[in-house]
Amino acid sequence: MNLSDLDQRITGCRACPRLVAWREEVARTKRAAFADWTYWGRPVPGFGPADAPLLIIGLAPAAHGANRTGRMFTGDRSGDVLYEALYDVGLASQPTAVSADDGLELYGVRITSPVRCAPARQQAHPGGARHLSFLARRGTHPAAADVEGRDRARRLRLAGRAARVHGGGLASPAPTARVRARRPGLLGGIDLFGCFHVSQRNTFTGKLTPAMLRDVLRTAAGAAGLATTP
């Protein structure tokens with residue numbers, strides 16, 4: 001199965017009735033600020049080149065972010081922080097991500113998540129293994145950066161399960177890029193780097209700063225053989 005076929009399977013998935021009902025309810029009721037939008041309201045595929053050597057792993061689409069725009073980390077505050085950092089280190093063509101047709105390009109990077117539907121009340125679904133199977137089929141990259149961090153134990157366990165599906169493992173993420181795990185897997189192994197989730201709670205309190213995020217992205221990019229800007 002090629003990546004295009006996989007993306008089509010993802011966007012048409014209705015395997016989890018609870019998640020289907022939630023994402024479609026959000027798309028129907030909307031948020032007042034986005035009343036004029038036609039929400040995506042479906043599972044969200046990955047974003048970036050199919051042959052990217054660096055994979056950035058989040059957790060799930062935001063209800064009024066990617067569930068609205070149809071593109072990972074697009075249209076929410078977490079995405080604002082991530083894409084600005086990617087632009088700063090030379091891995092994105094522009095520092096903002098507002099819609100799927102805004103012209104943004106990624107260089108050597110693909111962004112994905114193990115959960116493809118906006119979870120109700122930000123809670124992972126017990127049937128998450130269905131989502132992890134999509135992540136496993138994505139293939140193996142020389143390096144991966146987990147930008148959803150260790151805020152909650154269940155997020156770490158979910159990310160760890162995703163890594164093990166790839167034949168790898170997960171080190172407990174730290175505030176900076178100092179944590180690095182190399183695990184044997186397909187194509188000789190994956191270098192996995194972690195940082196705290198790019199949420200407003202973490203960025204406003206300094207748990208995760210733009211400098212820390214740029215650090216982990218540069219380090220992961222270097223492991224993947226990508227050049228970055230100073």
Side-chain angles (χ1 to χ4, degrees), residues 3-16 18-50 52 54-88 91-125 128 131 134-135 138 145-149 155 197-203 208 210 213 217:
L3 186 59
S4 178
D5 291 338
L6 177 59
D7 284 344
Q8 287 184 17
R9 286 196 62 182
I10 288 170
T11 58
C13 181
R14 301 183 65 85
C16 304
R18 173 177 172 269
L19 293 182
V20 171
W22 172 251
R23 78 190 188 215
E24 292 182 352
E25 178 185 346
V26 170
R28 184 172 57 255
T29 59
K30 307 181 182 181
R31 178 176 284 171
F34 307 121
D36 60 341
W37 275 77
T38 299
Y39 275 52
W40 171 257
R42 288 178 275 166
V44 181
F47 168 54
L54 176 59
L55 183 68
I56 293 179
I57 305 171
L59 176 64
H64 301 281
N67 188 57
R68 170 173 59 91
T69 64
R71 192 173 71 189
M72 287 289 178
F73 276 106
T74 299
D76 59 55
R77 295 296 178 87
S78 295
D80 292 344
V81 175
L82 176 61
Y83 284 114
E84 183 172 7
L86 286 168
Y87 175 77
D88 287 344
L91 297 176
S93 63
Q94 61 192 46
T96 57
V98 296
S99 67
D101 59 356
D102 60 10
L104 173 64
E105 295 182 55
L106 297 180
Y107 306 133
V109 176
R110 186 167 175 86
I111 299 177
T112 190
S113 67
V115 178
R116 302 307 185 114
C117 301
R121 295 177 295 281
Q122 298 302 309
Q123 294 179 354
H125 190 264
H131 297 272
F134 282 132
L135 182 60
R138 171 63 194 94
D146 170 21
V147 296
E148 288 288 350
R155 291 187 178 191
H197 173 34
V198 286
S199 67
Q200 287 183 287
R201 179 178 62 184
N202 289 337
T203 56
L208 179 68
L213 185 54
L217 290 173

Quiz prompt | Approximate separation, where rounding is to 0.5 Å, of Thr112 OG1 and Leu6 CG | solution = 8.5 Å
Quiz item: Does some side-chain heavy atom of Val20 sit less than 4.5 Å from a side-chain heavy atom of Cys117?
Solution: no
Quiz prompt | Non-neighbouring partners of Tyr87 that pass side chain to side chain donor-acceptor pair (under 3.5 Å), sequence neighbours left out | solution = none
Quiz item: Which pair of non-hydrogen atoms, one from Leu19 and one from Pro119, has the smallest distance, and what is that distance?
Solution: CD2-CA, 3.9 Å
Tell me which donor-acceptor pairs under 3.5 Å the side chains of residues 26-36 have, and how far apart each pair is, sequence neighbours excluded?
unit_1	atom_1	unit_2	atom_2	d
Thr29	OG1	Glu25	O	2.9
Lys30	NZ	Ala35	O	3.4
Lys30	NZ	Trp37	O	2.5

Practice problem: Would you please name every residue forming a side chain to side chain donor-acceptor pair (under 3.5 Å) with Asp101, sequence neighbours left out? | Solution: Ser99
Quiz item: Is any side-chain heavy atom of Met72 less than 4.5 Å from a side-chain heavy atom of Arg116?
Solution: yes
Practice problem: Would you please name every residue forming a side chain to side chain contact (heavy atoms under 4.5 Å, CB included) with Ala118, sequence neighbours left out? | Solution: Trp22, Ala63, Asn67
Quiz item: Mind checking what makes side chain to side chain contact (heavy atoms under 4.5 Å, CB included) contact with Asp88, not counting sequence neighbours?
Solution: Glu84, Arg214
Quiz prompt | Exam field: side chain Ser93 to backbone Glu105, donor-acceptor pair closer than 3.5 Å | solution = yes
Quiz item: Residues in side chain to side chain contact (heavy atoms under 4.5 Å, CB included) with Thr38, at least two apart?
Solution: none
Quiz item: Which pair of non-hydrogen atoms, one from Pro43 and one from Cys13, has the smallest distance, and what is that distance?
Solution: CG-O, 3.5 Å
Quiz item: Between the main-chain N or O of His197 and the side-chain N or O of Asn202, is there a donor-acceptor pair closer than 3.5 Å?
Solution: yes
Quiz item: Does Thr96 have any side chain to side chain contact (heavy atoms under 4.5 Å, CB included) partners at least two apart in sequence or in another chain, and if so, which?
Solution: Gln94
Quiz prompt | Test item: Leu59 and Ser113 side chains (from C-beta on) under 4.5 Å apart, heavy atoms | solution = no
Practice problem: Kindly write out the residues that satisfy salt bridge (charged side-chain N to carboxylate O under 4.0 Å, His left out) with Asp7, not counting sequence neighbours, or none if the list is empty. | Solution: Arg110
Quiz item: Mind checking what makes side chain to side chain donor-acceptor pair (under 3.5 Å) contact with Thr74, not counting sequence neighbours?
Solution: Arg71
Practice problem: Give, for atom CZ of Phe73 and atom CG of Leu104, the distance between the pair rounded to the nearest 0.5 Å. | Solution: 13.5 Å
Quiz item: Checking side-chain hydrogen bond (donor to acceptor under 3.5 Å, both in side chains) against Tyr39, which of Arg23, His64, Arg68 comes through?
Solution: His64
Practice problem: Could you tell me which residues satisfy side chain to side chain donor-acceptor pair (under 3.5 Å) with Asp76, sequence neighbours excluded, listed by chain and number? | Solution: none
Self-check item: Full working for side chain to side chain contact (heavy atoms under 4.5 Å, CB included) between Ile111 and Leu86
Solution: CA-CA 11 Å; Ile111 299 177; Leu86 286 168; 4.0 Å; yes
